[in-house]
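What follows is a single structure, written as structure tokens, with notes after it.
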Amino acid sequence: MCGIVGYLGPQDPKKVIIEGLKKLEYRGYDSAGIAVLHDGKTKRIRAEGKLKQLEDKVLNENFNGNLGIGHTRWATHGPAVEKNAHPHQVGEISIVHNGIIENYLEIKKELIERGAHISSDTDSELVAHLINEEIQVTKDLLLAVQKTLSKLIGAFSVVVLWEKSPNELVAFKDGPPLIVGINEKSSEYFVVSDVQAALNYTKNFVYLEDREIVHIKKEGIKYYSALGAPLKKQVITLDWTSSQVEKMGFKHYMLKEIYEQPHAVASALQPHINMQTLEVNLNNVGFENPVEEVLKKIERVMFVACGTSFYAANVAKYLIEQLARIPVDIDIASEFRYRKPMIPANTLLVTVSQSGETADTLAAIRMAKEKGALTLSITNVMRSSIDREAHGHLYMNSGVEVGVASTKAFTSTLALVNLLAVQIAKARGVLNKDAEQTCVKNLLAVPSQLEMVLAFDKYFSEAAKKLKEFKGFLYLGRGVSYPIALEGALKLKELAYMHAEGYAAGEMKHGPLALIDSKMAIVVVAPTDELIDKTISNLQEAKARGGKIISIGSGENLALKSMSEYYLSIPEANWMTNPIISVVPLQLMAYHMADSLGFDVDQPRNLAKSVTVE
Ligand code: G6P
């Protein structure tokens, strides 16, 4: 978490850095700060709270240097107060840091013994102390950084500014992403946590790998290993535009992203469907051998992910086990990596991660590779750390997702796991051509079904107004709708700060029925499938005890409608594609509730989008 921008170039660094930080605010918004050279001295300005506070504070400040660093923070060590905000300055050195220094207590003790005065509660400040100590001796920023890097343990990315050297930045990473942006024409250089922060200025980027150092000078850029060996790095030209990161007239990014879902799902499907034969073809995922050959040998599939991506993995379990008749395990990445998991031979390990940077998911894929698993990543951000780690690659193709609560990445992933289920089933010889074509037709119908759901947004917004009367929410579903209930509850928690729990409808009688009273809403995800009658029976039990039911059903389901306070209709679909459609009303209801309560929908309190610490 945390967003970093470093800039060297002819423009006003304050403007470029603040503009860049705005694009990175999704990574953390507890405090922000910048340090820019002015008359050969470091001028540092920091502010508690969102970036806007910093913007107001620097409005009338002028800087005449060509160099600066900026940061937007998601607090790890120490509360979100100004003294803990970045940049941290010690003597001539200023740094911005993303991540965690695990041996910080040890470093702190040693620094104090050497007489250092520590002014914040952060682990980050210690890095500035160490580099400042080294620079006194070496008088060489690159060398000082190299020496410091050898003392750090943890997951970090850092950009360093030395006020004695007005045309030089050094940055390094071991864990969280750090990307160098280069515009040779305008002699501008950037070091950023995410390319979005520099896309207005360049499309040329170099992705740093762990324990690499970049040395940026006016005369050009050089790359080194932690031990100082020069490295050759590949410059990648991206075709993204910065307009993909604008709100385009929507009140919030999240709302825009919800509305982008028909297009996002179509873009996820498009590269893998042969429109003539209506066949699925995942040959382009990048495995060394033809995909059918590879998947034929697979005896188990394991999914590892966090948050909303984990709920997408839950859906995948239902789809792949039922269609392809192969065991599928699902794991939360932070649990998986420490429970010494058994990864049998011939396992396909699939990670799902919108950002491709989630620290626990990244650790999981590395571990699985070490244990010999074949790995497949489902990511939205191409060339992200997880994407670079995997053997095979599926892309959500959702376009940039800015809202902290994930929406379009979720539905695009559900489309992709449909394809994966079909491809595995084919490879195992349990799906004939007709059945495959039916699956493909069902999938191709999804974008227009999503358009239909979105067209009824006013009903979801009305329902949201009524839902505010309730104190607690139980989200229920059976089968493939169960993970959608979990995702619906998560959306309400993270956006509207209301207590919501997702439950398997059949589990109600094992506890949650005790919670039911007039203030407890029961939101049920019940599109028509082979379990619908069982879901309705479970709802009868809840209704008989005074439960108030808000249901999402396919078309006009009269049985469901008659027992519900509010009935929200979605288009009839197939059991495999239902989850892609039924989640949208839940996203919209959570969005409208949070918005009408005046909460910051795009940046819910205490959260961040890209979780690069464990
Ligand atoms: C954070 C975000 C969630 C996201 C989760 C996993 O918690 O707020 O929206 O689902 O991280 O992120 P990933 O990028 O790995 O999908």
Side-chain angles (χ1 to χ4, degrees), residues 1-3 24-30 74 76 155 175-177 193-194 196 252-254 257-258 264 268 303-316 330-337 350-366 376-390 394-414 416-417 483-484 486-497 502 583 586-587 590-591 594 599-614:
M1 5 260 284
C2 301
L24 301 186
E25 220 185 351
Y26 72 86
R27 303 178 69 88
Y29 30 84
D30 291 335
W74 188 83
T76 58
S193 306
D194 181 327
Q196 290 174 43
H252 294 102
Y253 284 111
M254 184 188 172
E257 287 156 9
I258 291 174
F303 275 81
V304 185
C306 302
T308 289
S309 293
F310 175 66
Y311 294 144
N314 279 243
V315 175
I330 45 174
D331 257 291
I332 291 175
S334 56
E335 290 299 313
F336 176 84
R337 62 184 290 199
V350 187
T351 52
V352 182
S353 176
Q354 186 285 131
S355 61
E357 299 294 349
T358 300
D360 286 317
T361 314
L362 178 60
I365 197 168
R366 285 184 175 152
L376 173 69
S377 67
I378 302 182
T379 53
N380 195 29
V381 181
M382 249 182 214
R383 298 181 195 88
S384 53
S385 304
I386 294 173
D387 183 36
R388 281 179 283 150
E389 203 68 45
L394 275 171
Y395 296 109
M396 299 171 192
N397 288 341
S398 308
V400 179
E401 191 181 67
V402 177
V404 165
S406 185
T407 52
K408 60 180 178 172
F410 180 73
T411 42
S412 294
T413 303
L414 297 188
L416 289 174
V417 295
I484 299 305
L486 295 172
E487 170 61 6
L490 176 65
K491 282 285 154 290
L492 197 72
K493 272 183 267 203
E494 58 187 351
L495 295 168
Y497 316 146
V583 74
L586 304 182
Q587 296 170 341
Y591 168 81
F599 297 139
D600 187 338
V601 179
D602 284 330
Q603 294 175 347
R605 68 185 179 204
N606 304 334
L607 301 179
K609 185 152 189 71
S610 187
V611 183
T612 53
V613 292
E614 63 170 294

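Values below: all heavy atoms of this structure, side chains included; hydrogens, waters and symmetry mates excluded. First listed ligand is number 1; within each ligand, the first listed atom is number 1.
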Option from T407, T308, N380, T413 for which side chain to side chain donor-acceptor pair (under 3.5 Å) with Q354 holds: N380

All salt bridge (Lys or Arg N to Asp or Glu O under 4.0 Å) counterparts of D331, not counting sequence neighbours: R339

Closest non-hydrogen atom pair, P604 against V404: CD-CB, 3.6 Å

Shell of residues surrounding ligand 1, defined by a 4.0 angstrom heavy-atom cut-off that is strict: C306, G307, T308, S309, S353, Q354, S355, T358, V404, S406, A608, K609, V611

Do Y26 and D194 have a side chain donor and acceptor closer than 3.5 Å? yes

Check whether E357 reaches the backbone of S385 with its side chain - one donor and one acceptor, N or O, closer than 3.5 Å. yes

Where does the angle between the aromatic ring planes of Y497 and F599 fall among parallel (under 30°), tilted (30 to 60°) and perpendicular (over 60°)? tilted

